[in-house]
There are 2 protein chains.
Amino acid sequence: MVTLAEVAQHAGVSASTVSYVLSGKRSISATTRHRVEQSIRELGYHPNAGARALASSRSNIIALMIPLRTDMYVPVMMEIAIAVATTARTHGYDVLLLTGEEGPDAVRRVTGSGLADAMILMDVELDDERLPLLRDTDQPSVLIGLPADTSGLTCVDLDFRATGALCVEHLAMLGHRDIAVIGEAPAVYERHTGFAERTLDGLRSRAQELGARLLHRPCEGGYDAMAVTLARIFDERPGTTGFVVQNESAVEPLLALLRQQGRAVPEDVSVVAICPDQVAVQASVRLTSVSIPAQEMGRHAVEHLVAKLDGRGEDEVVLIAPELTVRTSSGPAAS
Amino acid sequence: MVTLAEVAQHAGVSASTVSYVLSGKRSISATTRHRVEQSIRELGYHPNAGARALASSRSNIIALMIPLRTDMYVPVMMEIAIAVATTARTHGYDVLLLTGEEGPDAVRRVTGSGLADAMILMDVELDDERLPLLRDTDQPSVLIGLPADTSGLTCVDLDFRATGALCVEHLAMLGHRDIAVIGEAPAVYERHTGFAERTLDGLRSRAQELGARLLHRPCEGGYDAMAVTLARIFDERPGTTGFVVQNESAVEPLLALLRQQGRAVPEDVSVVAICPDQVAVQASVRLTSVSIPAQEMGRHAVEHLVAKLDGRGEDEVVLIAPELTVRTSSGPAAS
DNA sequence: ATGAAAGCGCTAACAC
DNA sequence: GTGTTAGCGCTTTCAT
C-alpha cells in the first residue's frame with residue numbers, strides 16, 4: 001500500500017505539500033505540483049479513506065435509506081438510487097446503501113459513527129419516526145417524499161397534489177363526469193404514505209371544483225384484484241368513463257380487462273396514469289400520463305446536500321411541478 | 001462527540017478494555033463488561049468509523065457495483081441489492097453503492113483507498129474489463145453472474161443453462177415440438193451478457209436432444225415490438241405451440257397479443273417464463289415459470305464474502321439449480 | 001510557497 | 001483479566 005509519506009519522499013517534498021496538492025487548499029507552484037502529480041501516478045497512490053475521514057472528520061459518504069418493501073414503485077426507487085449514486089460521484093461523494101430495516105437506529109448509527117456526512121431518506125411516512133432524530137442532529141439530510149410536518153427539514157418530491165389535480169383536469173376538460181381512481185394497495189393508504197394521500201387530495205378538490213364525481217378504490221396489483229375492483233366500480237357507477245391509475249401493477253390488467261369487456265380506449269373510456277414514462281410507453285395502449293421524475297429527484301437531493309455540506313443551502317421544500325403527457329389513452333367523453 | 005477515551009474514564013477502566021469489550025477479542029470479567037456497557041449506553045457512544053478503519057485497516061464495508069442501465073431486470077437488481085444490504089448488516093457490514101459508470105476505475109479506487117473490504121459485482125459481462133483487476137488484488141470479491149473465464153474468481157448465479165434446458169424439457173414433455181424463444185433486447189446479446197447466452201445454450205442443446213425445433217428471437221420490451229416479433233415467428237413457424245419468454249417487459253404484451261389473435265393459453269399455446277415470481281403471479285395468466293432467486297443470490301454473495309474475510313472460504317462457482325413452477329400457462333400440445 | 005509536527009479516535013501488540 | 005502505548009495515514013495549524 002502506497003502512503004502519502006512515500007509519495008512525498010518520491011517527489012522530494014513534505015507530506016503536507018502532497019496533501020495540499022490533493023486538496024487544493026493552498027497555492028502550490030506549478031513545478032512542485034507537477035512533480036507530485038507525477039509521483040502519485042507512478043506509485044499508483046490512492047489516499048486512504050479511513051485516515052482521511054479521521055483527520056478531517058469528513059467521510060465523503062452520503063447515506064441513502066431505501067425502503068425494505070418492494071411492493072411499490074421498484075423501478076422508480078432504483079432510478080432514484082442510481083441518480084443519487086452518479087450525482088454524488090460527480091461531487092466526490094460515495095453512497096452508502098441502508099435499508100429501512102434498522103429504522104431509526106440506522107440514523108443514530110450513521111450520524112454517531114461519522115460513517116456518512118449526510119443522508120437521504122426515501123419512502124418517508126407522514127409521521128416518520130426518524131424525523132425527530134434528523135431535526136436533532138446537525139448532519140444535513142434531505143427527504144425524498146413529504147412528511148406531515150416539514151419544519152426544519154429539506155424535502156424534495158413531485159407535487160402529488162398538483163398531479164392529482166392535473167389528471168382530473170385533463171379528464172374533465174375532455175368531458176368526463178364520472179371518474180374512477182385506481183389507487184395503490186390498501187396497505188399503502190393504511191400506513192399513511194404521503195404521496196398517496198396528497199394525490200387523493202388533489203384529485204378530490206379539483207374534481208369538486210370542476211363538478212366531476214370521483215370514486216376512489218385502492219387496489220392490490222395483478223389481474224385478479226383488478227378484475228374485482230373494476231367490477232365494483234362499474235357496479236356503483238355504471239356511467240364511469242374516466243380512469244386515473246396510480247398503481248403500476250394495475251395498469252396492464254386494467255387495460256386488458258377493459259378490452260375484454262369491449263370498452264375501447266380511448267373511444268369509450270379514457271385512462272390517465274401516474275407512473276414512470278417507461279411504463280406508460282410500453283403499455284398495450286400508449287398511456288396519457290404524469291411521469292415520476294425519479295432522476296430529477298435524486299439529483300436534486302444530492303445537490304442540495306452538497307450545498308449544505310459546503311455551508312450553502314437552506315432548508316426548503318422543493319415540489320417538482322407535474323407534467324402531463326398526452327398519449328393515446330385519453331380522448332373526449334362519449335356523448 | 002463521545003470518544004472511547006471518555007467511555008473508559010466514565011467506566012473507570014482503560015481504553016483498551018473498552019475496545020475489547022466492543023470487539024470481544026479477549027475475555028473480560030462480567031462486572032467490568034457491565035460497567036463499560038452501562039457507560040456506553042449512558043454516554044450514547046458510537047465508535048468512530050474512520051478511526052476504526054484506520055487502526056484496523058478494516059472498513060467493515062462491502063462495495064456493491066450495480067449496472068447503470070435500467071433496461072433489464074430492474075426488480076431483480078433491486079431485490080439483490082436489498083438482500084445484499086440486509087445480509088451484510090447481519091454480519092456487521094455496511095454496503096457502498098457503486099454504479100457501473102466509473103467502470104474499472106471504481107475497482108481501483110475502492111481497493112486502493114481501503115474504502116471497502118470486499119466487493120460484489122453485478123451484471124458481469126463474459127469478458128469483463130474489471131476481472132483482471134479483481135484477480136490482481138487480494139481483496140475478496142464475488143461476482144453475481146458468470147464471465148467466460150472463472151479461474152481465480154468466485155461467482156454466484158442461477159444455472160441459466162439448466163434453466164433453458166428445464167423450460168424446453170417441460171414443453172417437450174407436454175408434446176410441444178415447435179418452440180419459440182422470446183429473448184431479451186438485441187443489445188443484451190450484442191454485449192454478450194452471460195446469462196442470456198447460457199440460457200440459449202441450454203435451450204438449444206436440450207431441444208436438440210429431445211428433437212424439438214427452436215426459434216430464438218430477441219425482442220425489445222413493449223407491445224409494439226412484441227407484435228412485430230410475434231408476427232414474424234408465426235410467419236416462419238406457423239405450427240409454433242410453445243413459448244419460452246426471457247424478457248419481463250415482453251410477458252404481458254405477448255399474452256395480450258395471443259389473446260387478441262384468438263390463441264388460448266394454455267389450450268392452443270403454452271408459455272413458460274423466466275422471470276421473478278411476482279411477475280409470473282401478477283400476469284394476466286398465472287405463468288408457469290422458472291423464478292430468478294434474487295434474494296438467494298444476494299445472500300449467498302455476502303456470506304461467501306464474509307467467509308473469505310474471516311479467512312475461511314475458497315474460490316468457487318456456485319450455480320443455483322433452477323426450479324420450475326407449473327402454473328396455468330402451460331398444458332398439453334393440441335394434437 | 002513550503003515544512004514540521006501535533007493530533008484525529010481507535011486497535012493491538014506488549015506488559016503485568 | 002486489565003493497563004500502557006505505539007502507531008494507523010492523513011489534515012491542518014503554526015512556523016518560516
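Below, chain A is the first sequence line, B the second, and so on; all start at residue 1.
As rounded to whole Å, 10 Å separates atom P of D:dT11 from atom CG of A:N60. Atom C1' of nucleotide D:dT2 and atom CZ of B:R35 are separated by 11 Å, given to the nearest angstrom. Between the CG atom of B:L54 and the P atom of C:dA12 there is a distance of 12 Å, rounded to whole Å. Remark: P of C:dA12 and CG of B:L22 are 12 Å apart, rounded to the nearest angstrom. Atoms CG (A:L115) and C1' (C:dG9) sit 14 Å apart, rounded to a whole Å. Atom CD of B:Q9 is separated from atom P of C:dG9 by 14 Å (rounded to the nearest Å). Across the protein-nucleic acid pair, B:N48 atom CG and D:dC8 atom P stand 18 Å apart, rounded to whole Å. For the pair B:K25 NZ and C:dC10 P, the computed distance is 15 Å after rounding to whole Å.
Among the heavy atoms of the strands lying under 4.0 Å from A:S29 are primed sugar atoms or P, OP1, OP2 only; no base atom is included. Within 4.0 Å of B:S57, counting heavy atoms only, lies no atom of the nucleic acid at all.
Across all non-hydrogen atoms, the minimal contact from A:P147 to A:L131 is CB-CD1, 3.5 Å.
Counting only N and O atoms by type, the side chains of A:R33 and A:Y20 include no donor and acceptor under 3.5 Å apart. A donor-acceptor pair shorter than 3.5 Å can be found between the side chains of B:T154 and B:K308. Between the side chains of B:S14 and B:T17, at least one donor N or O sits under 3.5 Å from an acceptor N or O.
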Using a cut-off of under 3.5 Å, enumerate the N/O to N/O pairs linking the protein to nucleotides 5-7 of chain D.
none

What nitrogen or oxygen pairs link the protein and nucleotides 14-16 of chain D at under 3.5 Å?
none

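Between B:S56 and B:I28, the residue anchored closer to the 5' end of DNA chain D is B:I28, taking for each the nucleotide with the nearest heavy atom. For B:R33 and A:S23, each mapped to the nucleotide of DNA chain D holding its nearest heavy atom, the one lying further toward the 5' end belongs to B:R33.
Here the nucleotide nearest the side chain of B:R52, chosen from D:dG3, D:dT11, C:dC10, is C:dC10.
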